[in-house]
2 protein chains.
Amino acid sequence: MSPPQDRGRAPSIRDVARLAEVSHQTVSRVLNDHPSIRPETRERVLQAMETLQYRPNRAARTLVTSRSNTIGVLAALSTTYGPATSIAAIEDAAREHGYHVNTANLADTSPAGIADAIEHLMLQAIEGLVVIAPQVRVFEVLAASSIGVPFVSLQSTGRRDHLALSVDQVTGARRATQHLIGLGHREIVHLAGPQDWIEAEARMRGFLEAIDDAELGLHPPILGDWTADFGYYAGSELVRRRDFTAVFAANDEMAIGLMHAFRDAGLDVPGDVSVVGFDDIPVAKHVAPTLTTVYQDFHEIGRRAVALLLNQVHGAERIEVEDIVPRLVVRGSTAPVAVRPAPSAR
Amino acid sequence: MSPPQDRGRAPSIRDVARLAEVSHQTVSRVLNDHPSIRPETRERVLQAMETLQYRPNRAARTLVTSRSNTIGVLAALSTTYGPATSIAAIEDAAREHGYHVNTANLADTSPAGIADAIEHLMLQAIEGLVVIAPQVRVFEVLAASSIGVPFVSLQSTGRRDHLALSVDQVTGARRATQHLIGLGHREIVHLAGPQDWIEAEARMRGFLEAIDDAELGLHPPILGDWTADFGYYAGSELVRRRDFTAVFAANDEMAIGLMHAFRDAGLDVPGDVSVVGFDDIPVAKHVAPTLTTVYQDFHEIGRRAVALLLNQVHGAERIEVEDIVPRLVVRGSTAPVAVRPAPSAR
DNA sequence: GATCCGAATGTGCACGTTCACATCCACTGT
DNA sequence: ACAGTGGATGTGAACGTGCACATTCGGATC
C-alpha cells in the first residue's frame with residue numbers, strides 16, 4: 001500500500017527486470033511487443049512495471065533508435081480559427097500514432113525569424129514537419145536550410161521538395177465568385193490576403209479565373225493582412241468609391257470587418273453590397289447579416305497532413321491523397337444585385 | 001565547397017573533437033559555455049562544428065542530465081481565440097528560454113480522456129506543465145496521477161498543489177455586470193459557461209456578487225458550452241420569456257450567438273436588450289452591434305505562466321505574481337434600459 | 001628554486017534503452 | 001539416437017553526451 005521508496009532515481013528497465021526475475025532484455029521485449037515471449041513471463045514483467053510505477057525513458061530510447069517519435073509544426077497566425085483547428089487535429093492524429101507534437105510559432109515572418117523557428121525545431125530532432133505557415137518565404141528558407149526530414153505543407157505550393165495536401169482553394173474561391181456572378185453582380189472587388197501567402201494567392205487566382213470566365217471587368221484586388229481590423233479599414237476606403245456591388249474577402253475575419261465599415265457608412269449588406277468570406281469560422285453564421293462563405297474542413301486537413309507525413313517518415317510508398325474541395329455556404333450576406341443605382345433604396 | 005560526405009550517421013561531439021584536435025570534453029565545454037576555455041580553442045571547435053554541420057543530440061543530453069528542456073501544455077478548446085493565443089504566447093516565451101513545448105489536446109473531457117492526455121505528456125519527460133484546461137476535473141485527475149512535475153494553471157483554482165496565475169475573472173465579471181446595473185438594468189440574465197470550468201465558475205461568481213451588492217432579483221443562470229451555436233439556442237429560449245432587459249454572457253462567442261437569436265426574434269440590441277460578452281475576441285468590435293465585453297490579455301497570461309513555471313522548475317524561490325485584472329470595454333451592445341414595456345418601441 | 005595554485009584540457013564512466021549475437025531447451029524428423 | 005529447428009531468454013556492446021576526477025603547464029609566492 002505504501003508507495004515504493006524512491007531513491008531519487010526513476011526506475012529503469014533493469015529495476016523491473018530484477019523484480020520480475022528476468023533479464024533487462026526480456027523487459028525490453030515486453031515493452032516492444034516482441035512476439036516470442038511467454039504470456040506468463042509478460043504478465044510477470046507487467047506486474048513488476050506496475051509495482052515500480054515504471055515509465056520508459058524516451059530519451060534513452062531515442063538515443064539508441066534515433067527515432068524521436070516527435071513531429072514538428074511550424075505555424076503562423078496560430079491564434080486564428082483555421083490554423084488553431086488544424087493544429088489541434090494534428091495533435092490528435094499524432095497522438096493516435098504514438099507521436100508527440102512540437103510546435104514553433106512564427107512570430108514574425110522575416111527570414112531570420114523563420115530560420116530561428118526552424119532551427120529551434122531541428123534541435124528537437126523531429127522526424128517530420130508540418131508547415132501551417134504557407135508563405136512562399138517559409139519554403140524558401142526551408143529549402144535553403146536542408147533540414148533533412150520530410151515535411152508537408154497544408155496547401156499545394158507547386159514545389160517538388162516536399163509533400164503537400166491539395167486543398168483546392170482555387171476552386172473554392174472560384175465558386176464563391178461565381179455565386180456572386182450568378183446573382184447578377186458584375187462589379188466585384190476582391191479583398192485578398194497577404195501576397196506571399198500561398199492560400200491568399202490561390203484564392204485570388206480562383207477569383208481571377210471566375211472573373212475572366214465571365215468576361216467581367218477587373219477591379220484591382222486589395223491586399224490585406226487577414227485581420228478584421230484591416231477589413232474595416234479596407235471597407236472604409238471602398239465606400240468612398242462605390243463602384244462595386246459585391247466584395248469577395250479572402251477570409252471571414254476580413255469580411256466581418258468589411259461589413260462593419262459598410263454598416264458604419266450606411267450601406268446595407270446585402271441590399272447595397274453583397275459580401276462573401278472564406279473559411280466558415282464558427283461565428284460566421286451568427287453575425288449580422290449571416291455570412292455567406294466557403295467552408296473548409298480544417299480538422300480533416302490536419303488529420304490528412306499527419307497521415308501523409310507519417311507515411312513518408314516510415315518510408316512507405318507514396319500514398320495518393322484526393323483533393324479536399326471547400327464547399328460554398330450561402331447565407332444572408334449575399335443577394336441579387338439591386339437595380340442600380342440603389343444606394344438610396346434603403 | 002562540396003558537402004562533407006555523410007556516412008549515414010550524424011556527426012557527434014567526438015567527430016568534432018577529432019577535427020578540431022581536442023578531446024570530446026573540450027567540445028562539450030564549448031557547447032555549454034564553460035568559462036575556462038581558451039578563445040582560440042573555442043574558435044577552432046566552433047569552426048569544426050560549422051564544417052561538420054554539427055547539431056547537438058538532445059536525446060543524449062537529456063539522458064545524461066535528465067533534463068528534457070521541454071514543458072507540456074494541456075489544453076482544452078484550443079481552437080478558440082483565448083486558449084490559442086495563450087498557447088502561442090507560451091511557445092514564444094518558452095523558446096526564449098530555450099525550452100520546447102509539447103501540447104496535448106483534451107478532445108473529450110472524460111476522466112479517461114484526461115488521464116490519457118496526461119499520460120501522453122508524461123511519456124515525453126516534460127519538466128513542467130501548463131494547464132489551459134481549467135476544469136475542476138482536470139485537476140482532480142492531475143492530483144490523482146501524481147505526475148511529479150510542477151504545473152501551473154492559468155486560473156486560480158484554490159488548490160494548493162500547484163502554481164496558479166491569478167487572473168481576476170471575478171472582478172472582470174463583476175465589472176461587466178455593474179456596467180449593466182449602472183445603465184439601469186435590473187433584470188439581468190447570466191449565460192454561463194460549463195459548470196465544471198473554473199473560469200465559468202469565477203465569472204458566474206462575479207455576476208452573482210454584483211447582483212447581490214445591488215440587491216437585485218436573481219434570474220437562474222443558463223449553463224452553456226461556450227459556443228456561438230449554444231448562444232443562439234439559449235437566445236431562442238430566452239426570447240419566449242422576455243422577463244429581462246440585459247444578458248451577461250460568459251464569453252463573446254455565446255454573446256454573438258445570443259444577439260443573432262434576438263435579431264431573429266425581432267428584438268433590438270441594445271434597444272430592447274443589452275448584451276455583454278467576455279474575452280474581447282478580435283471580431284467583437286466588428287459585429288453588429290459592436291460588442292461590449294471584458295478584455296483579457298491572453299498573451300500576457302501565457303508569458304507569465306511560463307515565467308512562473310520555469311522559475312519553479314529551476315527551484316528558485318517562489319515569485320510573486322500580481323493579479324491580472326481584465327478591463328471592461330464598452331461598445332454598442334449595451335444601452336440604458338428602455339422605459340418598459342418597450343419591445344414595440346423599435 | 002621548490003612549492004603551490006588555478007586555468008586549460010584530457011580520461012573514463014554513467015545515463016537507459018535497443019540491437020546483434022549467443023545460449024538454452026523442447027520438439028521434430030530421420 | 002542424433003542433428004536440426006525455432007521459440008524463449010540472456011549477454012555485452014553501442015548510442016552521444018555530461019560529470020567527476022585526473023593531468024599538464026605557466027606563473028606567483030616564499
Side-chain angles (χ1 to χ4, degrees), chain A residues 6-46 48-49 52-70 98 100 122-125 127 148, chain B residues 6-46 48-49 52-70 98 100 122-125 127 148:
Chain A
D6 56 316
R7 298 150 212 274
R9 214 179 85 263
S12 86
I13 207 180
R14 298 193 128 92
D15 298 320
V16 175
R18 200 172 309 121
L19 184 59
E21 298 181 299
V22 293
S23 76
H24 66 104
Q25 177 59 10
T26 301
V27 178
S28 171
R29 287 193 177 102
V30 171
L31 280 174
N32 296 293
D33 284 323
H34 189 94
S36 57
I37 253 210
R38 236 176 345 147
E40 79 185 51
T41 312
R42 166 192 312 273
E43 203 47 52
R44 197 145 35 94
V45 171
L46 290 176
M49 287 181 180
L52 294 177
Q53 291 252 43
Y54 167 80
R55 276 179 211 284
N57 181 319
R58 251 170 57 85
R61 176 177 293 177
T62 297
L63 178 59
V64 71
T65 58
S66 61
R67 301 204 39 231
S68 65
N69 266 280
T70 301
H100 292 259
M122 290 319 296
L123 282 178
Q124 176 73 310
E127 291 181 34
Chain B
D6 56 316
R7 299 149 210 274
R9 214 181 84 264
S12 85
I13 208 181
R14 295 192 131 92
D15 298 320
V16 175
R18 201 171 310 121
L19 184 59
E21 299 180 296
V22 293
S23 75
H24 70 101
Q25 177 57 12
T26 301
V27 177
S28 171
R29 288 193 178 103
V30 170
L31 280 173
N32 296 294
D33 284 323
H34 190 94
S36 57
I37 261 225
R38 238 179 339 149
E40 79 184 53
T41 311
R42 167 194 309 273
E43 201 47 51
R44 197 146 35 94
V45 171
L46 290 175
M49 287 180 180
L52 294 177
Q53 292 250 44
Y54 168 79
R55 277 181 212 282
N57 182 319
R58 248 169 61 82
R61 178 176 294 178
T62 296
L63 178 57
V64 71
T65 59
S66 61
R67 303 204 37 230
S68 66
N69 266 280
T70 302
H100 293 259
M122 290 319 297
L123 281 178
Q124 176 74 310
E127 292 181 32

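Proteins come first, then strands; the chains are lettered A, B, ... in the order of their sequence lines, and each starts at number 1. The shown structure was predicted, so the numbers you read here are calculated from the model rather than taken from an experiment.
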Once you round it to whole Å, what is the distance between [atom2] of [N] and [atom1] of [X]?
X         : N       : atom1 : atom2 : value
Glu43(B)  : dT9(C)  : CD    : P     : 13 Å
His34(B)  : dT17(D) : NE2   : P     : 18 Å
Gln124(A) : dG16(D) : CD    : P     : 18 Å
Arg38(B)  : dC25(D) : CZ    : C1'   : 11 Å
Glu21(A)  : dA8(D)  : CD    : C1'   : 17 Å
Asp33(B)  : dG18(D) : CG    : P     : 12 Å
Arg44(B)  : dT9(C)  : CZ    : C1'   : 11 Å

Margin query: Please classify the nucleic acid contact of Ser66(A) as base, sugar-phosphate, or nothing, using heavy-atom distances under 4.0 Å.
Written below: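 It contacts nothing in the nucleic acid.
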Margin query: Applying a 4.0 Å non-hydrogen cut-off, can you work out what Thr62(B) is touching in the nucleic acid: base, sugar-phosphate, or nothing?
Written below: nothing
Next item on the list: For the helix from dG1(C)-dC30(D) to dT30(C)-dA1(D), measure the angle between the helix axis at one end and the axis at the other, each built from five pairs, rounding to 10°.
Entry: 40°
Next item on the list: Check whether any side-chain N or O of Thr26(B) sits under 4.0 Å from OP1 or OP2 of dG10(C), and answer yes or no.
Entry: yes
Next item on the list: Would you please confirm or rule out a distance under 4.0 Å between OP1 or OP2 of dA7(C) and any side-chain N or O of Ser36(B)?
Entry: no
Item checked: Any residue meeting side chain to side chain donor-acceptor pair (under 3.5 Å) with Arg58(B), in chain and number order, not counting sequence neighbours -> Gln124(A), Thr70(B)
Next item on the list: With sequence neighbours excluded, tell me which residues meet side chain to side chain donor-acceptor pair (under 3.5 Å) with Ser23(B).
Entry: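 Ser23(B) satisfies side chain to side chain donor-acceptor pair (under 3.5 Å) with Thr26(B) once adjacent residues are dropped.
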Check: Considering only heavy atoms from C-beta outward, does the side chain of Gln53(A) approach that of Pro11(A) to under 4.5 Å?
Finding: no
Next item on the list: For residues Val45(A) and Tyr54(A), determine if any side-chain heavy atom of one lies less than 4.5 Å from a side-chain heavy atom of the other.
Entry: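 No, too far: nothing below the 4.5 Å cut-off.
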Using the 3.5 Å cut-off, write out each protein N or O paired with an N or O of nucleotides 15-18 of chain C and the distance between them.
unit_1, atom_1, unit_2, atom_2, d
dG16(C), OP1, Arg9(A), NE, 3.4
dG16(C), OP2, Arg9(A), NE, 3.4
dT17(C), OP1, Tyr54(A), OH, 2.4
dT17(C), OP1, Asn57(A), N, 3.1
dT17(C), OP2, Ile13(A), N, 2.4
dT17(C), O4, Arg14(A), NH1, 3.2
dT18(C), OP1, Asn32(A), OD1, 3.4
dT18(C), OP1, Asn32(A), ND2, 3.1
dT18(C), OP1, Arg61(A), NE, 2.9
dT18(C), OP1, Arg61(A), NH2, 3.1
dT18(C), OP2, Ser28(A), OG, 2.7

For [X] and [Y], indicate whether the former's side chain and the latter's backbone hold a donor-acceptor pair under 3.5 Å.
X        : Y         : value
Asn57(B) : Ala59(B)  : yes
Arg44(A) : Ala20(A)  : yes
Ser68(A) : Ala125(A) : yes

Note to self: Restricting to side chain to side chain contact (heavy atoms under 4.5 Å, CB included), what partner residues turn up for Arg67(B), sequence neighbours left out?
What the structure shows: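 Side chain to side chain contact (heavy atoms under 4.5 Å, CB included) list for Arg67(B), sorted by chain: Thr65(B), Tyr99(B), Glu127(B), His314(B).
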Item checked: Residue pairs fulfilling salt bridge (Lys or Arg N to Asp or Glu O under 4.0 Å) with at least one residue in residues 27-36 of chain B, sequence neighbours excluded -> Asp33(B)-Arg42(B)
